[in-house]
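Letters A, B, ... are given to chains in the order of the sequence lines, protein chains preceding strands, and every chain is numbered from 1. Worth knowing before you read on, the calculation uses all heavy atoms, side chains too, and leaves out hydrogens, waters and symmetry mates.
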Number of protein chains: 2
Amino acid sequence: MDLSIGELSRRAAVKVPTIRYYEQIGLMPETGRTEGKQRRYGRMAVARLAFIRHARELGFEVDAIRTLLSLQDNPDQSCARADEIAKARLVEVEKRISSLKALRKELRKMVEECACGRVGECRVIETLADRTHAHGKLAAS
Amino acid sequence: MDLSIGELSRRAAVKVPTIRYYEQIGLMPETGRTEGKQRRYGRMAVARLAFIRHARELGFEVDAIRTLLSLQDNPDQSCARADEIAKARLVEVEKRISSLKALRKELRKMVEECACGRVGECRVIETLADRTHAHGKLAAS
DNA sequence: GTAGTGTCTCTAGTGGCTAGAGGTTCAAGA
DNA sequence: TCTTGAACCTCTAGCCACTAGAGACACTAC
């Protein structure tokens with residue numbers, strides 16, 4: 001081993017600036033350098049970075065990942081905390097799905113009812129302008 | 001009428017700093033002021049702000065809302081553009097729902113298989129560490 | 001007049017990166 | 001050994017749509 005940051009980037013499928021960013025915020029440890037101050041990584045770095053990427057893909061926040069990583073580093077601890085984090089994320093995802101389904105319903109209605117004439121009689125615009133509409137939380141994404 | 005920004009905030013259900021922000025980025029027009037330079041609003045402001053809020057709740061970006069608002073201001077234009085924006089948003093929402101469903105599936109598997117013992121044999125941690133996992137896009141939210 | 005609430009502007013911070021400037025180092029080929 | 005060119009370095013600023021806070025001024029009710 002003894003990978004450059006570019007090699008690590010390819011192997012873990014994480015962009016180079018993102019790796020440096022993860023080092024900066026302490027998700028990736030500081031690593032050895034060449035005489036010319038370029039970073040060099042070992043086998044563990046690939047695994048750790050892939051772990052982080054996978055966790056990010058599942059939508060875990062950096063703080064949660066920090067906890068998960070420190071659990072991974074201490075295999076004798078109870079995994080209750082990891083379970084808790086995963087469950088909390090699951091609940092979040094379920095909430096988001098149902099709120100997006102509500103959005104989808106409303107968007108579909110808007111789009112279907114639009115006769116595509118002039119704006120003055122456009123259902124899309126009308127629906128948005130309907131002040132009687134109950135307001136909920138903002139939609140992320 | 002002749003509402004203070006606080007009154008407008010209550011009526012349109014949008015926070016005061018957000019209203020000022022919308023003015024700053026040109027979503028809300030500049031409005032009249034008292035001698036002491038406090039903003040005063042009329043009836044139209046409530047409608048416009050509620051329109052913006054509703055559009056944000058449906059996840060439209062500020063740029064899209066700008067377009068929708070300018071369409072609303074010109075009722076004789078074709079509403080094809082509005083329809084297009086709404087359809088694009090609908091497609092986005094559908095994509096997000098299916099990607100979140102994939103996340104949910106994986107999270108459920110992690111959580112269900114976790115025997116909640118020591119971290120060393122924890123499925124949550126193991127799954128995250130599984131480097132053979134195919135990688136896709138990051139999950140927003 | 002005074003108390004208390006509301007409003008003003010301005011700057012900086014959020015999360016998780018991404019982009020760019022301007023400079024240095026490395027590895028391969030001639 | 002020298003040269004090229006890609007990869008690397010640090011640092012700062014930008015993205016989105018707000019949100020928070022400081023410190024000062026305006027308005028309203030008593």
- Query: OP1 or OP2 of dT19(D) sitting under 4.0 Å from any side-chain N/O of Thr18(B)?
  - Reply: yes
- Item | Residue list, salt bridge (charged side-chain N to carboxylate O under 4.0 Å, His left out) with Arg20(B), at least two apart or on another chain | none
- Query: Reckon Arg20(B) has a side-chain N or O less than 4.0 Å from the OP1 or OP2 of dC8(C)?
  - Reply: yes
- Using whole Å, report how far CZ of Phe60(A) lies from P of dG15(C). 18 Å
- Message: Check for me, please, whether Leu69(B) and Ile25(B) land in the same ILVMFWY cluster - side-chain distances under 4.5 Å, paths through other members count.
- Response: yes
Please produce a list of atom pairs where a protein N or O lies less than 3.5 Å from an N or O of nucleotides 20-22 of chain D.
none

- Item | DNA chain D contacts made by residues 61-71 of chain B, counting heavy atoms under 4.0 Å | Glu61(B), Val62(B)
- Item | side-chain N/O Tyr22(B) vs dC18(D) OP1/OP2, d < 4.0 Å | yes
- Just wondering, are more than 12 heavy atoms of other shown residues or ligands nearer than 6.0 Å to CD in Glu61(B)? no
- Task: May I have the distance from Asp2(A) (atom CG) to dT25(C) (atom P), rounded to whole angstrom?
- Result: 18 Å
- Taking CD from Glu7(A) and P from dA7(D), how many angstroms apart are they, rounded to a whole number? 11 Å
- In residues 25-42 of chain A, what residues come within less than 4.0 Å of DNA chain D, judged by heavy atoms? Arg33(A), Lys37(A), Gln38(A), Arg39(A)
- Task: Name all residues meeting the salt bridge (charged side-chain N to carboxylate O under 4.0 Å, His left out) criterion together with Glu23(B); count only those two or more places apart in sequence or in a different chain, and write none if there are none.
- Result: Arg33(B), Arg39(B)
- Query: Using 4.0 Å as the upper bound for N to carboxylate O, is an ion pair formed by Asp73(A) and Arg48(A)?
  - Reply: yes
- Distance in angstrom units between Leu49(A) CG and dC17(C) C1', rounded: 14 Å
- In terms of the nearest nucleotide of DNA chain C, which residue is placed more toward the 5' end: Ile5(B) or Gln24(B)? Ile5(B)
- Message: A side-chain contact here means heavy atoms from C-beta on lying under 4.5 Å apart; do Arg53(A) and Tyr22(A) qualify?
- Response: no
- Task: Report the distance from atom CD of Glu23(B) to atom C1' of dT9(C), rounded to the nearest whole Å.
- Result: 12 Å
- Would you mind reading off the distance between Tyr21(A) atom OH and dG14(D) atom P, rounded to a whole angstrom? 18 Å
- Query: What do the steps show when you test Arg11(A) against Glu7(A) for side chain to side chain contact (heavy atoms under 4.5 Å, CB included), and what is the final call?
  - Reply: CA-CA 6 Å; Arg11(A) 297 202 192 192; Glu7(A) 257 304 301; 3.0 Å; yes
- Message: Exactly one of Leu49(B), Val62(B), Thr18(B), Ile19(B) should register a side-chain contact (heavy atoms from CB on, under 4.5 Å) with Leu27(B). Which one does?
- Response: Val62(B)
- By salt bridge (charged side-chain N to carboxylate O under 4.0 Å, His left out), which residues pair with Lys101(B), not counting sequence neighbours? none
- Rounded to whole Å, CD1 of Ile19(A) lies from C1' of dC8(D) at a distance of 12 Å
- Task: Report the C-alpha separation of Arg89(B) and Glu92(B) in whole Å, then their side-chain angles, then the decisive distance to 0.1 Å, and conclude whether the salt bridge (charged side-chain N to carboxylate O under 4.0 Å, His left out) test is met.
- Result: CA-CA 5 Å; Arg89(B) 177 64 189 147; Glu92(B) 264 176 42; 2.7 Å; yes
- Message: Regarding Glu112(B) and Lys87(A), does a basic nitrogen lie under 4.0 Å from an acidic carboxylate oxygen?
- Response: no
